[in-house]
Asks: 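Got a structure for you, written out below as structure tokens; questions coming shortly.
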Amino acid sequence: MKRLTLWSMLLLCALSSIHCSKKAEPGAIATDVSLVPIKPVPLPDPGIPNFHFPEPEATIDQWINSNDMPKEYLHSWGIWTALNANSGQKYNGEDLRVFETWLTPDDMAAAINAKQQKAPIALEAVPRNRGTLKDPNQSLHARHMHKLKLGQEIPQPVQNRILGFVKYDPTAAQFTIDNTLLDSTTLQSMINAGKTDIPDFPNTAITTKPVFNIITKSTLDSNGGYYKLPVWSGPNDTSIGYPSSAWPGSVWVDPKNQGQGHGGVDTGQGRSPQNTYNLDEFVHFKLDKKSASYIKASYGIDANEGDYAILVAMHVTSREIKRWTWQTFWWAPNADAPPAPSSKAIADARPSQLTGAPRHYAMAVAYTFIDPNQPYTNGNNIGTSIYTFNPYLEAGFDTSVFYEKAIVMTKGKPIVNDVGVHTNCMSCHALANFNPGNLVPTGPGYMADTYIDMDGKRFKGVLKLDFLWSIQGNIIEDSTKK
């Protein structure tokens, strides 16, 4: 028997019109009468020539093996364009983009809990919002590993703190619910049956991790009506983490949309028209009352209803190939010529169908670990590292975050990768696993860029989670262990 969470109870009440008198905790957003049913929208066709989704695995593998980067770039930009299309739905008076209609782990956990209680729910009929903005699980992992290794906490800033949620497209969400993959008992039963992997997700599956900064009224008031945002100028040569607090440049965001910025960055000279950008140049939305209350109560950010959440970064992965495709996006002052791990060549591959705020984001891709490509099993780590990280999510990782040093043999020399700017989405996510009887990883953890043998000894005794750390980070704990 699984514990029926407050979230599940609220969803069930919403469907059955039962009056629930239990007081909701901060962030239990399903009690807000302003919420509306949101239908999860499948990834649409953005109308980009030569873009198809899902693309046959053999086709993408051919791109990878022949190092056909233009085709990878076009495919990744096509996914990004479709994710940001208008869904035809509104919430809180604002248009919802396609990815905003998708389900969070909270939504899926609610559905699984309801299923366990023999009261299945149709999530498209349940009032909800975009999702509860929380610390990304990778930030929690980084702080856990840092404290474990060094015995001290990583200081957490209030301003420019990254908050976000994970989103599963309708097919990935339904697959998760149907197979109860967030249920620890289900995962444990797979291990007991001698399985080494959860079932493969369908090739239409997409998961995303959008993360935001919150523009509060108090922050605007203290900065003359503008919000100061650190922006990425490229990796440095340091062997330690490179968090946003150490970046040399910032831009100013104008909620009144009177900015004139076009590539300008404030590197100490102060705000000017050239380094001031419009709110409308960011993917953004207004906080509802419940979201603002949760953020304020949980993170000490002075958030209020009507404050803005601006998208600063998003990881996107699709199950079109066995190791998934990986692309990551972040806001850039000069999206026409962004710094590494993006490039002008990547920016030049943007399709004309990508317009508005989503065109202001840079991209990096990883469809394999290293070059040349290696097989799913029994490969080697000889080649050139492919660094694909998100500045706002991984650049701040120092050596304490990784459970093992990653090594790539390049031209006969071992290249050690053990900081955030030397990571690759695929290498890290390949190690996603569930450990029996333990909801905190004690087996494989995060690793920077290297080849990962998917039948390797690192996975002995654990259950591989089809590259999805978001499953491990959102497991429903078995109530019988309480």
Asks: Answer yes when Asp135 and Arg161 have at least one side-chain N-carboxylate O distance shorter than 4.0 Å, and no when they do not.
Replies: yes

Asks: Looking at side-chain heavy atoms only, is the closest gap between Glu124 and Pro40 below 4.5 Å?
Replies: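 Answer yes - side chains close enough.
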
Asks: Indicate whether any N or O donor in one side chain lies under 3.5 Å from an N or O acceptor in the other, for Asp221 and Ser218.
Replies: no

Asks: Whether the Asp169 and Thr207 side chains hold a donor-acceptor pair (N or O, under 3.5 Å, no angle test) is what I'd like checked.
Replies: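 Asp169 vs Thr207: no donor-acceptor pair found between side chains.
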
Asks: Without hydrogens or angle criteria, can the side chains of Ser76 and Tyr367 be said to hold a donor-acceptor pair below 3.5 Å?
Replies: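 Yes, because at least one side-chain N or O of Ser76 sits under 3.5 Å from a partner of the opposite role on Tyr367.
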
Asks: From the options Phe282, Trp252, Trp331, select the one residue that forms a ring pair (Phe, Tyr, Trp, His ring centres under 6.0 Å) with Tyr277.
Replies: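 So, applying the ring pair (Phe, Tyr, Trp, His ring centres under 6.0 Å) to Tyr277 and each of Phe282, Trp252, Trp331, only Trp331 qualifies.
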
Asks: Quick check: does any side chain N or O of Asp178 sit under 3.5 Å from a backbone N or O of Phe175, one acting as donor and the other as acceptor?
Replies: no

Asks: Quick check: do Val36 and Pro127 have side-chain heavy atoms less than 4.5 Å from each other?
Replies: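 Heavy-atom side-chain distance check fails, nothing below 4.5 Å.
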
Asks: Look at the side chain of Thr180 and the backbone N and O of Ile112, then say whether any donor-acceptor pair between them is shorter than 3.5 Å.
Replies: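 Side chain of Thr180 to backbone of Ile112: no pair is present.
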
Asks: Quick check on the 6.0 Å ring-centre criterion: do Tyr446 and Phe402 meet it?
Replies: no

Asks: For the residue pair His52 / Glu320, report whether a side-chain donor-acceptor contact shorter than 3.5 Å exists.
Replies: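 The criterion, which ignores hydrogens and geometry beyond distance, is not satisfied for His52 and Glu320.
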
Asks: Looking only at heavy atoms, what is the nearest atom pair of Val41 and Gln89, with distance?
Replies: CG2-NE2, 3.3 Å

Asks: Between His429 and Trp324 (judged by ring centroids, cut-off 6.0 Å), do the two rings come close enough to count as a pair?
Replies: no

Asks: Judged by atom type as modelled, is there a donor-acceptor pair below 3.5 Å linking the side chain of Asp348 to the main-chain atoms of Ile346?
Replies: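 Side chain of Asp348 to backbone of Ile346, a donor-acceptor pair under 3.5 Å: no, none is there.
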
Asks: Taking the side chain from Ser291 and the backbone from Asp288, do they hold a donor-acceptor pair closer than 3.5 Å?
Replies: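 No, the answer is negative, given that no donor and acceptor are paired below the 3.5 Å cut-off.
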
Asks: How long is the gap from CG on Asn474 to CE on Met108, to the nearest 0.5 Å?
Replies: 7.0 Å

Asks: For His75 together with Trp63, are the ring centres under 6.0 Å from each other?
Replies: yes

Asks: Regarding Asn278 and Asp254, do their side chains bring together a donor and an acceptor under 3.5 Å, going by distance alone?
Replies: no

Asks: Less than 3.5 Å apart, any donor N or O on the side chain of Thr276 or Arg271 sitting next to an acceptor on the other?
Replies: yes

Asks: Determine yes or no for a side-chain-to-main-chain donor-acceptor pair under 3.5 angstrom, with Asp307 supplying the side chain and Ala303 the backbone.
Replies: no

Asks: Using atom types as modelled and distance alone, determine if a side-chain donor or acceptor of Ser298 lies under 3.5 Å from a backbone N or O of Tyr294.
Replies: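 Answer holds: yes.
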
Asks: Should the pair Phe329 and Trp80 be assigned to parallel (<30°), tilted (30 to 60°) or perpendicular (>60°) ring geometry?
Replies: parallel

Asks: Just checking, Arg130 and Phe285: is the charged tip under 6.0 Å from the six-membered ring centre and within 45° of the axis?
Replies: yes

Asks: Any ion pair linking Glu305 and Lys296 (charged N to carboxylate O, less than 4.0 Å)?
Replies: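 Result for this pair is no, no salt bridge flagged.
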
Asks: May I ask you to test the Thr216-Ile301 pair for a side-chain heavy-atom distance under 4.5 Å?
Replies: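 Heavy-atom side-chain distance check passes, below 4.5 Å.
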
Asks: Do Leu279 and Ile215 come within less than 4.5 Å of each other through their side chains, counting heavy atoms only?
Replies: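 When only atoms from C-beta onward are counted, Ile215 and Leu279 do touch, with a gap below 4.5 Å.
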
Asks: Is any side-chain heavy atom of Pro44 closer than 4.5 Å to one of Phe53?
Replies: no

Asks: Are Asp336 and Arg350 close enough, and set up right, to give a salt bridge (charged side-chain N to carboxylate O under 4.0 Å, His left out), and what steps lead you there?
Replies: CA-CA 9 Å; Asp336 295 335; Arg350 290 173 298 175; 2.4 Å; yes

Asks: Write down the atom of Gly241, the atom of Asp398, and the distance for their closest heavy-atom approach.
Replies: N-CB, 3.6 Å

Asks: Is a side-chain donor or acceptor of Lys167 paired with a backbone partner of Thr104 at a separation under 3.5 angstrom?
Replies: no

Asks: Closest approach of Ile162 and Val211, non-hydrogen atoms and distance?
Replies: CG2-CB, 3.3 Å

Asks: Looking at Ala395 and Phe389, what are the two nearest heavy atoms and their distance?
Replies: CB-CE1, 4.3 Å

Asks: Heavy atoms only: give me the nearest Leu103-Ala173 pair and the separation to one decimal.
Replies: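 Minimum heavy-atom contact is CD1-CB, 3.4 Å.
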
Asks: Any side-chain heavy atom of Thr328 within less than 4.5 Å of one from Trp326?
Replies: no

Asks: Does any non-hydrogen side-chain atom of Lys71 lie less than 4.5 Å from one of Leu74?
Replies: no

Asks: Would you please say whether a donor-acceptor pair under 3.5 Å links the side chains of Ser318 and Thr325?
Replies: yes

Asks: Do Phe51 and Trp77 have ring centres separated by under 6.0 Å?
Replies: no

Asks: State plainly whether the residues Arg128 and Asp106 are in salt-bridge range, i.e. N to O under 4.0 Å.
Replies: no

Asks: Aromatic contact between Trp247 and Tyr392, with the criterion being ring centroids under 6.0 Å apart: yes or no?
Replies: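 Trp247 vs Tyr392: aromatic centres under 6.0 Å.
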
Asks: Would Phe212 and Phe165 count as a ring-ring contact (aromatic ring centres under 6.0 Å, His included) here? Give the steps.
Replies: CA-CA 9 Å; Phe212 305 81; Phe165 37 61; 5.7 Å; yes

Asks: Going by an N to O cut-off under 4.0 Å, is there a salt bridge joining Arg319 and Asp466?
Replies: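 Answer for the salt bridge query: yes.
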
Asks: Please confirm whether the ring centroid of Trp232 lies under 6.0 Å from the ring centroid of Tyr242.
Replies: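 Yes - the distance between ring centres of Trp232 and Tyr242 falls below the 6.0 Å cut-off.
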
Asks: Mark yes or no for whether Asn424, through its side chain, and Tyr387, through its backbone, hold a donor-acceptor pair below 3.5 Å.
Replies: no

Asks: Got a donor-acceptor contact below 3.5 angstrom from the Asn86 side chain to the Gly88 backbone?
Replies: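 Yes, Asn86 side chain to Gly88 backbone: donor-acceptor pair under 3.5 Å.
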
Asks: Scan the side chains in residues 356-366 for donor-acceptor partners under 3.5 Å anywhere in the protein, sequence neighbours excluded, and list what turns up.
Replies:
from   : atom 1 : to     : atom 2 : distance (Å)
Arg359 : NH1    : Pro351 : O      : 2.9
Arg359 : NH1    : Leu354 : O      : 3.0
His360 : ND1    : Ala332 : O      : 2.8
His360 : NE2    : Glu281 : OE2    : 3.1
Tyr361 : OH     : Val283 : N      : 3.0
Tyr361 : OH     : Leu311 : O      : 2.7

Asks: Considering all heavy atoms of both residues, which atom of Phe201 and which atom of Ala172 are nearest to each other, and what is their separation?
Replies: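 Minimum heavy-atom separation between Phe201 and Ala172: CE2-O, 3.6 Å.
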
Asks: Side-chain contact test, heavy atoms from C-beta onward, threshold under 4.5 Å: evaluate it for Lys286 versus Glu94 and give yes or no.
Replies: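 The answer is yes, as the side chains (C-beta and beyond) meet within the 4.5 Å cut-off.
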
Asks: Between Asp183 and Lys115, does any NZ, NE, NH1 or NH2 come within less than 4.0 Å of an OD or OE carboxylate oxygen?
Replies: no

Asks: Quickly, which of Leu133, Asn129, Asn304, Asn92 forms a side-chain contact (heavy atoms from CB on, under 4.5 Å) with Leu287? Name it, please.
Replies: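 With Leu287 as partner, Leu133, Asn129, Asn304, Asn92 yield a single side-chain contact (heavy atoms from CB on, under 4.5 Å), made by Leu133.
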
Asks: Are the side chain of Thr267 and the backbone of Pro248 linked by a donor-acceptor contact shorter than 3.5 Å?
Replies: no

